[in-house]
Amino acid sequence: MKRIIALFICVLAVTMSAGCGDGGTSGGGAADAAQEVVFYCITFTNIADNYDDINDAINEHIAQAYPEANVKFRLQLFGPAEYEERIRLAMQSGTPIDLFTPLGLPNYVAQNQVLPLDDLLAEYGKDVTAILTEDIGADAFNTFKFDGKIYGVPINKGMAITPTLIYDKDILEATGFSIDDINSISDLPPVFDKVKELFPDVYPFANLNQGNSEIMQVMAGENDVDMMMDRVTYMGVVIGDSGEVVNLYETELFAEYIDIIRDWYEKGYVPQDMATSPSTSTEYFNAGRLFSTIGGYGGNEIGVTVSASTGRNIGSKWIAPFYFDSTAASLATAVSSTSKSPEAAMRMINILYTDEFVINTILYGIEGRDYVKVDEHHWAFPEGKDINTVEYTAAYSTGIVGSEKLQLQPVGMSYDDILLKLRQNVESKRSPYYGFTFNPANVVNEMTALSNVYNQYIPGLVCGSLDPAVAIPELNKALEAAGIDKVVAEKQAQLDAWIEANK
Amino acid sequence: MAVKHKSGLRSQLPFLLIALPGLLYLVINNYLPMFGMVIAFKKIDYAKGILSSPWVGLDNFKFLFQTSDAFIMIRNTVLYNLAFIVLGTVCAVFIAVLMAEVSKMFAARFFQAGLLLPNLVSMVIVAYLVYALLTPETGLINTSVLPALGLEPVNWYTESKYWPFILTITQLWKTAGYSSIVYIASIAGIDTGIYESARIDGAGKLRQIFHITLPMIKPTVIIMLLMSIGRIFASDFGLFSQVPMNSGALFNVTQTIDTYVYRGLMQYGNVGMSSAAGLFQSVVGFVLVITANYAVRRVNPENSLF
């Protein structure tokens, strides 16, 4: 028995030291060789089996254009479902990873997965700092500051994602209404009635994302609700400039908007299984069985994109204002705390945000083979190719990487729209709490329990399939049991401290 | 004595060598990863690595018991598993007894393949098969079956009262055929002489089944039971998450420890808490196996696992 244990320990020791050795060798490259910077990037399109040629093209360009940067870039693409899992795996196993786009930065900060960037930005990120200050404002980095330190470089894009009505133009025309008649969601029911009357097979409204009717986003925009860094579950929000953190789900406001969607549900404007059905608006549009949906988009040309992907004549119009709250700037490029060379990583960030060739190669591939440049600002797939047949593309990752200003746009999308998006950053109504960040470290247990409560009730409520008279009281009882009060109190304390510090 | 022992070891050496790859596999696959258990007691700091991250005692376990959810999910996990174990065993034994009576080669192969097929279907596919039956507006049950019976359509994915039955039926449909294989094999191993003498004594089919087949496969049934009791705190994630289409309105009857941990931690990616939940499941499962085995041993030592 003792021998077996000894053997066991030997094996354990060997494998563990092997694990460490792996990490050691890759870090000890010669000083003058270019430092490799690995970028984990999300893509929403099919991932090519092999995209070494993309990396080669980018590296050739970097070597020529920025010899002093001394970096070697390596792109790694992952689908949205596995993206965060892959980041965690890479960090745990010592697989090289330097740059990535965390989907909830506070959690990464809490677990020390990302590096503070202040010194690096000052030394190696002067260009990116200048650009962000110009396009977002001097407070660009504030939303990514925790304990006074910057942990993320915001993606330079239109961050005002305005609730937008996306509708079938042909159907609207048939109803006799004009899009000018529709200015807020309260204008929709008469149109819906007419749609139902004329096209019994067509749903007047369906959800863009599974289990989410976007009614909460409309509510937030119309009533200045600051989600206080919790864009997913909205646990603890501030309404208006009251400075008081409240449980949104107890408010009249929430009940009011849930009643609207419940009414839609009861009148049959929406698919009855909207809360659970995996079918979303794109499929219904494709089948010609949908009149409208609401989604949050930057700019005002999403109709063009949806038309292209559904083959229908789709239009879009802002249906509620966007409230530029503490949550608005949520995406940033971060440097992994396991990075072997944070300096090189920051030099690479600087290139990512300022170099047209690098960003467009990441997004659209090799010019001529994967895309053709139509004019200064626009691209198209080569003759006879589309998003599924082209050799390489990551065309839907436009809002994930670098600077939107440098990205080519699909044909039909006006470049003015990009400028409009960036203008919206500055022009949207800004919450007085923009720049506040919430550190959930003290309430992790509560947040976990709360997110389960959220999953249990909210999809059913915001899709109208749960009776609010019964479900809202139940929801609040469950939230209370899961510790909403503690989270609200913690948020309030941190907000008070923030207000005090920013007076 | 000592000499004999030595030569014994020498003669056994080839067999031990044969076992070596399997043992190595067991050590590498099942024992080395147990090192990861320490994660359950740590607040993981990625910059420091697993070994140097600070210890936090039992903090990671707290979230499991934070709310009344703990009771619901543990209740669901245990009750569903009990139902699956009892009904599953009854169905599997029943199928095995029937199959043993099918003597024609072709028919036996045909039924066996048919019974096995559901087990080979992925849970995601099963979920969509169920969905095709139950989807409120176009599903077969609501559009054809219920109207034919003169009943109102049901919004299946928001009515939790039906789901204990739906889940149990789905699970049995999927697994009963597969679990019957063990029993078919053990029935095939029964000495046919026993049946012959029973027939000569005038025992009919039913009598043979109740007095020969069932008592003879009792030890197998007990071993299988003990093994499934060890997994009473585990649940088939696909069954409880995919099949109900992750519908929040059904959580009261579909939430199990696995789905709770998944839903709660997907968003925050806290490996410490995930490990804590996994460890909790394993420890309780381990205790249950030991207890069940002890109980069996008290009644009938021959049938216990160890």
Side-chain angles (χ1 to χ4, degrees), chain A residues 4 7-8 11-12 15-16 20 23 84-85 87-88 91-92 94 103-104 106-108 110-115 210-211 232-233 271-273 275-279 336-338 440-441 444-461 465-466 471 477-478 481-483, chain B residues 23-24 27-28 31-32 35-36 39 43-51 53 59-70 73 127-128 131 134-139 153 155-158 244-252 255 259-261 263-273:
Chain A
I4 294 175
L7 179 83
F8 177 68
V11 175
L12 193 76
T15 45
M16 274 166 64
C20 300
E84 295 208 283
E85 202 49 52
I87 294 172
R88 267 174 236 133
M91 287 189 180
Q92 280 160 23
L103 302 181
N107 298 312
Y108 286 83
Q111 297 187 58
N112 214 351
Q113 286 162 288
V114 288
L115 289 178
Q210 187 173 349
V232 182
T233 60
Q272 299 295 294
D273 54 354
T276 48
S277 168
S279 307
S336 161
S337 56
T338 59
V444 173
N445 286 328
E446 285 77 12
M447 293 295 276
T448 309
L450 287 171
S451 86
N452 269 308
V453 178
Y454 176 90
N455 289 332
Q456 180 167 1
Y457 291 98
I458 301 303
L461 279 169
S465 49
L466 288 178
K477 238 170 84 186
Chain B
L23 285 174
L24 267 181
V27 168
I28 292 170
Y31 282 84
L32 276 188
F35 157 72
I39 295 174
K43 179 179 185 302
I44 293 298
D45 181 327
Y46 283 79
K48 292 182 188 149
I50 292 173
L51 288 176
S53 289
D59 268 9
N60 286 332
F61 292 83
K62 275 186 191 154
F63 84 103
L64 277 174
F65 307 98
Q66 184 84 25
T67 62
S68 58
D69 288 0
M73 70 200 182
Y128 278 87
Y131 187 68
L134 299 182
T135 179
E137 292 183 28
T138 51
N155 206 342
W156 295 100
Y157 287 91
T158 51
M245 289 287 160
N246 208 4
S247 170
L250 306 175
F251 281 1
N252 272 337
Q255 190 82 284
T259 59
Y260 184 85
V261 169
R263 286 174 185 134
L265 300 178
M266 258 307 272
Q267 204 183 330
Y268 299 106
N270 188 322
V271 284
M273 280 147 84

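Per chain, numbering begins at 1; letters A, B, ... match sequence-line order. Note that these values count all heavy atoms, side chains included, but never hydrogens, waters or copies made by symmetry.
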Under 4.5 Å from a heavy atom of chain A, the part of [X] involved:
X: B:Asp45; value: both
X: B:Lys43; value: side chain
X: B:Tyr128; value: side chain
X: B:Asn252; value: both
X: B:Thr135; value: side chain

List the steps, then state whether side-chain contact (heavy atoms from CB on, under 4.5 Å) holds for B:Met245 with B:Trp156. CA-CA 11 Å; B:Met245 289 287 160; B:Trp156 295 100; over 6 Å; no
Counting heavy-atom pairs under 4.5 Å to chain B, which of A:Gly211, A:Pro106, A:Ser336, A:Ser337 comes out on top?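 The candidate making the most pairs under 4.5 Å is A:Ser337.
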Counting only non-hydrogen atoms closer than 4.5 Å, does A:Ser277 touch chain B with its backbone (N, CA, C, O), its side chain (CB onward), both, or neither?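 Its backbone and side chain both get close to chain B.
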Where on A:Ala471 is there a heavy atom nearer than 4.5 Å to chain B: the side chain, the backbone, both, or neither?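 For A:Ala471, no heavy atom lies under 4.5 Å from chain B.
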dist B:Phe251:CZ -> B:Asn246:CG (nearest 0.5 Å) comes out at 5.0 Å
Roughly how far, to the nearest 0.5 Å, is CD of A:Gln92 from CD1 of B:Ile50? 6.0 Å
Can you name the closest pair of heavy atoms from B:Leu250 and B:Thr158 and give their distance?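 Distance-wise, the nearest heavy atoms are CD2-C, 4.0 Å.
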Please confirm whether the backbone N or O of A:Ala482 pairs with a side-chain atom of A:Glu446, one donor and one acceptor, at under 3.5 Å?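 Side chain of A:Glu446 to backbone of A:Ala482: no pair is present.
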Centroid-centroid under 6.0 Å between B:Tyr131 and B:Tyr157 rings: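 Between B:Tyr157 and B:Tyr131, which both carry aromatic rings, the centre distance is below 6.0 Å.
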